[in-house]
There are 2 protein chains.
Amino acid sequence: MNSNVIVRAPLHVQVAERLRLLIDSGELAPGTRLNENELCQNMGVSRTPLREAIRSLATEGLVELQPNRGAIVSVVSQDDVTEILPIMASLEGLGGRLAAVHMQTDQIKQIRQIHNQMVTHYQNNEVTEYFETNRLIHELITEGSGNQTLVDTINSLSAKVRRARFSAQMTRESWAKAVSEHEEMVTALEARDPDRLEVILIQHVETKRTTILGSLQRSE
Amino acid sequence: MNSNVIVRAPLHVQVAERLRLLIDSGELAPGTRLNENELCQNMGVSRTPLREAIRSLATEGLVELQPNRGAIVSVVSQDDVTEILPIMASLEGLGGRLAAVHMQTDQIKQIRQIHNQMVTHYQNNEVTEYFETNRLIHELITEGSGNQTLVDTINSLSAKVRRARFSAQMTRESWAKAVSEHEEMVTALEARDPDRLEVILIQHVETKRTTILGSLQRSE
DNA sequence: ATAACGTATTTTGTATGCAATATAAACCCG
DNA sequence: CGGGTTTATATTGCATACAAAATACGTTAT
């Protein structure tokens, strides 16, 4: 009786993960055609699991299927982002409201710590580290809702917005605003004030929206 | 130059649609194992497109993959529904808020008509027709938001709740409440009052939640 | 030179075949 | 007769092979 069974994930799942990574990192840029033979050779798998993976990514919305012409990495347009952000706002707001009630006190303390780190990164102008801690805080709050479906839904939307990669184009002003909103967020969380936290989170996404649209304006 | 090209959907897409129908109708009940050979013979296709379709449904969450053991129709638990409903509330609320601003006046008139039909079905105790018109109204309002991502997100969540099929267990009382809330909904829409419509929609889903949980209690 | 046509090549879509894993059945031994 | 082991069968996973469609290319005619 051996319970140390090695359950390696099916190939198509591994391939899907790898593709997701390639798309997320920008190595496969939006609009790129996915050539099956090429990818097969590259990954050392046959076309069957590769195609199954591509179908999965298609239902996730990461790639777009063109009948008889294969798949391309889906392009996230400005309109898409404009559609997604209000939804994220609602959902993050809901997540916060639930988190304010459900989270353990020590979890909230942990968020305060990470928040302090984030502020330091802001002061030191460490952009990458700032975004990473920022993302982590949002993730922890959402997870603090205790609602896994909510987490999944937000993640899938968030992935698309992130893929548009505007974030780097933050102005000093909007950055400061974002940080001060985060301060309010953590305070509301510590006070376990669901209504307040919800309002702040919704406002926070609104700030993000103007930032993104602003940077889109400038880059046109 | 012939523009009347017949673009028949790829097989795996057709198969996915058919499977979705079978699952939605309950013909493939939750927990059922999907036997590939059986389904292939049934549908007259080979295993390749069938498997691709199954992978798609898996990422949609309609089926669950069990490595080396195929796929089963995913079961929607009470916990799942408890998780999903608050999300639906937020999203339908958002949809209503946007619809109150974006919808054309004649579209609102159409909703009023359908609403009147729904009330008639309620009075005549025509359950099936009631649910159908009810669903249609919610769908039209959501679509009236003009936010396709929102529509898709709500639909995918809604499908899961519907699959749990509790709805038939409505009490006379909760049914009456639902109808009166619908009356308020249409009124708020005609008044183009986004805040009010949002509140009503959120409240409406809350009513649904208690109805469902109530019927779950009784059926245990 | 360029536009249009037809052919060659590439690429995707589907079917089939083989290997690996899981399930079911038969068998043996206590 | 029952528990456990072996053997057989069925089912999934992956790879390959063939068919159909799309793209690329070259040729011809204007």
Side-chain angles (χ1 to χ4, degrees), chain A residues 1-20 22-23 28-75, chain B residues 1-20 22-23 28-75:
Chain A
M1 164 58 70
N2 177 12
S3 82
N4 297 324
V5 255
I6 297 173
V7 274
R8 67 182 192 293
L11 250 190
H12 70 265
V13 174
Q14 295 185 49
V15 172
E17 265 171 42
R18 180 107 191 79
L19 283 177
R20 233 177 261 119
L22 287 174
I23 292 174
L28 286 173
T32 310
R33 275 276 281 279
L34 299 183
N35 185 312
E36 295 182 359
N37 282 319
E38 194 180 325
L39 287 170
C40 284
Q41 294 212 338
N42 220 300
M43 297 191 172
V45 300
S46 86
R47 282 178 58 212
T48 310
L50 175 74
R51 285 173 58 85
E52 290 178 351
I54 290 177
R55 297 305 179 267
S56 293
L57 296 184
T59 56
E60 279 176 41
L62 266 84
V63 304
E64 198 177 315
L65 295 182
Q66 303 180 330
N68 292 318
R69 295 180 52 187
I72 63 167
V73 179
S74 66
V75 293
Chain B
M1 161 57 75
N2 177 11
S3 83
N4 298 324
V5 256
I6 298 174
V7 274
R8 68 184 192 295
L11 251 189
H12 69 265
V13 175
Q14 295 184 50
V15 172
E17 266 170 42
R18 180 108 190 78
L19 282 176
R20 234 176 261 119
L22 288 174
I23 293 174
L28 287 173
T32 310
R33 277 274 284 279
L34 300 183
N35 185 311
E36 296 182 358
N37 281 321
E38 194 180 323
L39 288 170
C40 283
Q41 295 211 338
N42 221 299
M43 298 189 171
V45 299
S46 88
R47 282 177 59 214
T48 309
L50 175 74
R51 285 171 58 84
E52 290 178 351
I54 290 177
R55 298 303 180 266
S56 293
L57 297 184
T59 56
E60 278 175 43
L62 264 86
V63 305
E64 197 176 317
L65 295 182
Q66 303 180 329
N68 293 318
R69 295 178 50 186
I72 63 165
V73 179
S74 66
V75 293

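Per chain, numbering begins at 1; letters A, B, ... match sequence-line order. What you see is a predicted model; the values in this text were computed from it and never measured.
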### Message
side-chain contact (heavy atoms from CB on, under 4.5 Å) for R51(B) and R55(B)? Distances and angles first, verdict last.
### Response
CA-CA 6 Å; R51(B) 285 171 58 84; R55(B) 298 303 180 266; 3.0 Å; yes
### Sidechain-backbone polar pair: Q66(A) side chain, I72(A) backbone, donor-acceptor under 3.5 Å
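Absent.
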### Message
Quick check for you: among dT14(C), dT11(D), dG13(D), whose closest atom lies nearest to any side-chain atom of H12(B)?
### Response
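Side chain of H12(B) sits closest to dT14(C).
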### Task
For the side chain of R47(A), starting at C-beta, report the closest nucleotide among dA17(D), dT12(D), dT23(C).
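When the side chain of R47(A) is considered, dA17(D) is the closest of dA17(D), dT12(D), dT23(C).
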Rounded distance (Å) that lies between atom [atom2] of [N] and atom [atom1] of [X]:
| X | N | atom1 | atom2 | result |
| --- | --- | --- | --- | --- |
| L50(B) | dT16(C) | CG | C1' | 15 Å |
| N37(B) | dT11(D) | CG | C1' | 7 Å |
| Q41(A) | dT10(C) | CD | P | 13 Å |
| I72(B) | dA22(C) | CD1 | P | 16 Å |
| N35(B) | dG13(D) | CG | C1' | 14 Å |
| E38(B) | dT12(D) | CD | C1' | 14 Å |
| L65(B) | dC14(D) | CG | P | 11 Å |
| E36(A) | dT16(D) | CD | P | 15 Å |

### Query
side-chain contact (heavy atoms from CB on, under 4.5 Å) between R47(B) and N37(B): does it pass, once the steps are laid out?
CA-CA 7 Å; R47(B) 282 177 59 214; N37(B) 281 321; 3.8 Å; yes
At under 4.0 Å, does any side-chain N or O of [X] touch on OP1 or OP2 of [N]?
| X | N | answer |
| --- | --- | --- |
| N68(A) | dT12(C) | no |
| R69(A) | dA21(D) | no |
| R51(A) | dG13(C) | yes |
| T48(A) | dC14(D) | no |

### Query
Hey, does L34(B) reach any base, or is it just sugar-phosphate, or nothing, if we go heavy atoms under 4.0 Å?
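Sugar-phosphate, backbone atoms only, no base.
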### Query
What are the two closest non-hydrogen atoms of G31(A) and V75(A), and how far apart are they?
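Taking G31(A) first and V75(A) second, the nearest heavy atoms are N-CG1, 3.6 Å.
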### Message
Here's a test of your reading of the structure: between E52(B) and R33(B), which maps to the more 5' nucleotide of DNA chain C?
### Response
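Going by which nucleotide is closer to the 5' end, it is E52(B).
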### Task
Answer yes if the side chains of S56(B) and T59(A) hold a donor-acceptor pair under 3.5 Å, and no otherwise.
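Judged by distance alone, the side chains do not pair up.
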